[in-house]
Number of protein chains: 2
Amino acid sequence: MSRPETDEEACRQVLQILSLVGDKWTVLVIGQLHGRTLRFGELHRAVAGISQRILTLTLRQLERDGLLTRTVHATVPPRVEYALTELGDTLVDALTGLGTWAIGARAEITQHRHHYDTTHPEMAPDVRKRRP
Amino acid sequence: MSRPETDEEACRQVLQILSLVGDKWTVLVIGQLHGRTLRFGELHRAVAGISQRILTLTLRQLERDGLLTRTVHATVPPRVEYALTELGDTLVDALTGLGTWAIGARAEITQHRHHYDTTHPEMAPDVRKRRP
DNA sequence: CAGCATCCATTCAGATACTG
DNA sequence: CAGTATCTGAATGGATGCTG
């Protein structure tokens with residue numbers, strides 16, 4: 001009874017979420033927002049290396065998906081605050097599970113890679129190219 | 001005491017894993033491999049729409065990371081079988097958690113998107129463009 | 001059957017410069 | 001401060017054709 005319809009379905013759902021969260025920055029952003037509210041500039045500084053454009057797009061997407069709220073204070077200078085919604089918080093929780101796995105598996109994966117690279121000398125440069 | 005070092009660290013780890021698993025096909029492939037062994041052609045058919053090139057690259061990467069094994073049977077015609085390793089199985093388990101979240105949140109997210117799109121008419125075409 | 005080599009179109013991140 | 005506008009190089013995915 002392995003691989004029932006729900007597995008199939010779950011797989012597609014995961015895919016959706018991964019494409020939603022799978023880009024380089026989204027996870028970092030919601031990670032910073034976990035349990036606190038930050039302004040645009042603060043986020044920009046907190047997520048080292050992100051460009052304004054990408055940060056803006058990332059925030060807009062998360063806002064559109066209902067994962068965070070964007071609050072504009074009509075002051076001078078302008079003040080815009082970002083915070084996770086309850087839905088966003090639950091996503092963080094869900095991702096935490098993956099994070100735990102990642103921490104536990106990291107060493108083993110690194111080791112496997114090294115072994116593979118030495119065992120299969122120049123067999124798959126493309127593969128390594130994709131994971132520097 | 002929110003956001004201790006471990007959070008920071010976990011976040012990077014998640015990012016690693018997401019970039020490892022976050023592409024369009026990897027999840028589908030390991031999803032198909034969950035609990036069974038498949039040949040290249042079977043996988044190619046099972047994961048509808050994937051090209052041979054991408055399937056090959058995806059499999060190589062997973063093999064390199066120690067998430068699946070590639071067994072070549074020296075027969076004619078050649079027979080190559082792919083199966084998840086124990087590590088790969090644990091990844092599937094970890095992803096299942098995310099899948100569960102995804103299924104539960106899907107409706108709400110869709111609803112939020114719709115609301116956002118009607119509320120912010122042409123405010124963020126780029127955002128919608130990124131999520132058709 | 002399983003996969004590699006090639007080429008092409010597209011997407012996207014990132015840098016830079018400008019504005020309400 | 002908090003974006004928006006624009007441009008460009010790089011990376012990727014996908015299609016096609018060939019081979020041990």
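Everything quoted here is computed from the prediction, not taken from an experiment.
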Specify the separation, in whole Å, of atom [atom1] of [X] and atom [atom2] of [N].
X	N	atom1	atom2	value
B:Leu28	D:dG14	CG	P	11 Å
A:Lys24	D:dA10	NZ	C1'	12 Å
A:Asp23	C:dT11	CG	C1'	13 Å
A:Leu57	C:dA13	CG	P	8 Å
A:Ile54	C:dC12	CD1	P	10 Å
A:Leu59	D:dT4	CG	C1'	14 Å
B:Glu42	C:dG3	CD	P	12 Å
B:Glu63	C:dA2	CD	C1'	14 Å

Inset, instruction - Answer yes or no: is there an ion pair linking A:Glu81 with A:Arg79, defined by an N-O contact shorter than 4.0 Å? - result: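 Yes.
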Counting side-chain heavy atoms from CB outward, which of [options] is closest to [X]?
X	options	value
A:Pro77	D:dC1, C:dG3, C:dC1	D:dC1
B:Ser51	D:dT4, C:dA2, D:dG14	D:dG14
A:Arg39	D:dG13, C:dC4, D:dA2	D:dA2

Inset, instruction - Could you point out which residue of B:Leu91, B:Thr69, B:Thr90 forms a side-chain contact (heavy atoms from CB on, under 4.5 Å) with B:Thr85? - result: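 The residue from B:Leu91, B:Thr69, B:Thr90 that satisfies side-chain contact (heavy atoms from CB on, under 4.5 Å) with B:Thr85 turns out to be B:Thr69.
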Inset, instruction - May I ask you to decide if the ring planes of A:Tyr116 and A:His120 are parallel, tilted or perpendicular, using 30° and 60° as cut-offs? - result: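 Taking A:His120 first and then A:Tyr116, their aromatic rings lie parallel (interplane angle under 30°).
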Legend entry - OP1 or OP2 of D:dT12 under 4.0 Å from side-chain N/O of B:Trp25: no
Inset, instruction - Please state whether the phosphate of D:dT4, meaning OP1 or OP2, lies under 4.0 angstrom from any side-chain nitrogen or oxygen of A:Arg60. - result: yes
Legend entry - More than 12 heavy atoms from other groups under 6.0 Å of NE2 on B:His73: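 Enclosed: over 12 neighbouring heavy atoms sit under 6.0 Å from NE2 of B:His73.
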Inset, instruction - Could you tell me whether the side chain of A:Arg53 has a donor or acceptor atom within less than 3.5 Å of a complementary atom in the base of D:dG3? - result: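 Absent.
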Legend entry - Reported CG-to-CG distance for the pair B:Leu62 and B:Leu20, which is rounded to 0.5 angstrom: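 Atom-to-atom, B:Leu62:CG and B:Leu20:CG are 7.0 Å apart.
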